[in-house]
Amino acid sequence: QLQASGGGLVQSGGSLRLSCEASGSIFGFNAMGWYRQAPGNQRELVAHIGGVTGYADSVKGRFTISRDNAKNTVYLQMNSLKPEDTAVYYCNTLIWGNNNINWGQGTLVTVSS
């Protein structure tokens, strides 16, 4: 129901655009978020979009979240990537994500130095 895609291997300073398509019943009017989990770390919220957008301090100014309601898709444009951005990236509704439920398949982003 939540399928993230667009990950890959990129050099430091490079860019990637992640996409996440959700079923209409999920996407609806829900606030959506992009999360990431690096090896050995807890999953963290990096960006969210609903009535407003918000970003973690670590990605502010480099990542941009957007959504296309007609396509039930949320995007994460990631620029100026750093090795510390290496993680599996997931999308979810904010309600589910913050309650740690209903995770779909993530997409791996690897940033080489």
Side-chain angles (χ1 to χ4, degrees):
Q1 291 182 314
L2 289 160
Q3 181 73 38
S5 62
L9 174 63
V10 63
Q11 288 188 331
S12 181
S15 298
L16 283 173
R17 188 194 194 203
L18 307 183
S19 300
C20 177
E21 185 173 356
S23 64
S25 61
I26 295 174
F27 201 78
F29 296 99
N30 283 314
M32 299 295 296
W34 279 100
Y35 299 75
R36 69 184 181 188
Q37 186 168 21
N41 289 358
Q42 289 189 332
R43 190 150 30 199
E44 62 172 342
L45 177 66
V46 295
H48 62 89
I49 185 167
V52 296
T53 58
Y55 300 91
D57 288 343
S58 58
V59 307
K60 200 172 293 184
R62 300 187 297 120
F63 290 10
T64 303
I65 189 171
S66 62
R67 65 191 292 165
D68 185 334
N69 291 335
K71 296 182 178 180
N72 295 334
T73 301
V74 61
Y75 304 97
L76 187 68
Q77 178 66 43
M78 306 186 296
N79 299 328
S80 302
L81 282 162
K82 305 175 181 180
E84 51 263 45
D85 294 318
T86 295
V88 178
Y89 285 72
Y90 303 85
C91 71
N92 209 342
T93 71
L94 278 190
I95 293 175
W96 286 350
N98 291 344
N99 285 282
N100 200 25
I101 58 174
N102 295 337
W103 295 101
Q105 182 174 339
T107 187
L108 175 63
V109 172
T110 304
V111 185
S112 63
S113 56

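Residue numbers run from 1 in the order of the sequence given.
Annotation for L76 and A47: closest pair CD1-CB, 4.0 Å, computed over non-hydrogen atoms. Across all their heavy atoms, N79 and S15 have their closest contact at OD1-OG, 2.9 Å.
For residues 96-110, there are no salt bridge (charged side-chain N to carboxylate O under 4.0 Å, His left out) pairs, not counting sequence neighbours. Applying the salt bridge (charged side-chain N to carboxylate O under 4.0 Å, His left out) rule to pairs touching residues 97-113 yields nothing, sequence neighbours excluded. Listed by first then second residue, pairs satisfying salt bridge (charged side-chain N to carboxylate O under 4.0 Å, His left out) with a partner in residues 102-113 number zero, not counting sequence neighbours. The list of salt bridge (charged side-chain N to carboxylate O under 4.0 Å, His left out) pairs with a residue in residues 14-29, not counting sequence neighbours, is empty. Listed by first and then second residue, the side chain to side chain donor-acceptor pair (under 3.5 Å) pairs that reach into residues 103-113 are N100-W103, sequence neighbours excluded.
When side chains are defined from C-beta on, L18 counts as touching V109, because their heavy atoms get closer than 4.5 Å.
Shown here are the side-chain hydrogen bond (donor to acceptor under 3.5 Å, both in side chains) partners of N30, two or more places apart in sequence or in another chain: there are none. In this structure, the side-chain contact (heavy atoms from CB on, under 4.5 Å) partners of S66, at least two apart in sequence or on a different chain, are Y75. Remark: Q3 pairs with no residue by the side-chain hydrogen bond (donor to acceptor under 3.5 Å, both in side chains) rule, at least two apart or across chains. Contacts of R43 classified as side-chain hydrogen bond (donor to acceptor under 3.5 Å, both in side chains), with partners at least two apart in sequence or in another chain: none. Listed by chain and number, the residues in a side-chain contact (heavy atoms from CB on, under 4.5 Å) with S5 are S19 (sequence neighbours excluded). Every residue meeting the salt bridge (charged side-chain N to carboxylate O under 4.0 Å, His left out) condition with K60, not counting sequence neighbours, appears here in chain and number order: D57.
Placement of V46 and V88 in two distinct hydrophobic clusters is found when ILVMFWY residues are connected by side-chain heavy-atom separations under 4.5 Å, directly or transitively. No path of Ile, Leu, Val, Met, Phe, Trp and Tyr side chains, each step under 4.5 Å between heavy atoms, connects I49 with Y90, placing them in separate hydrophobic clusters. Hydrophobic clustering of Ile, Leu, Val, Met, Phe, Trp and Tyr side chains at less than 4.5 Å, counting indirect connections, keeps V74 apart from L45. When the side chains of ILVMFWY residues are joined at heavy-atom separations under 4.5 Å, either directly or via intervening members, F63 and L94 end up in two distinct hydrophobic clusters.
Residue I95 qualifies as open at atom CD1: its count of foreign heavy atoms under 6.0 Å is 12 or below.
To the nearest 0.5 angstrom, L2 atom CG is 5.5 Å from M32 atom CE. In this structure, S12 OG and E84 CD are separated by 7.5 Å, a value rounded to the nearest 0.5 Å.
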Per-pair distances, 0.1 Å, donor-acceptor, side chain in residues 35-42, under 3.5 Å, sequence neighbours excluded:
from, atom 1, to, atom 2, distance (Å)
Y35, OH, N98, OD1, 3.3
R36, NE, E44, OE2, 2.8
R36, NH1, D85, OD1, 2.9
R36, NH1, Y89, OH, 3.0
R36, NH2, E44, OE2, 3.4
R36, NH2, S58, OG, 3.4
Q37, NE2, N41, O, 3.1

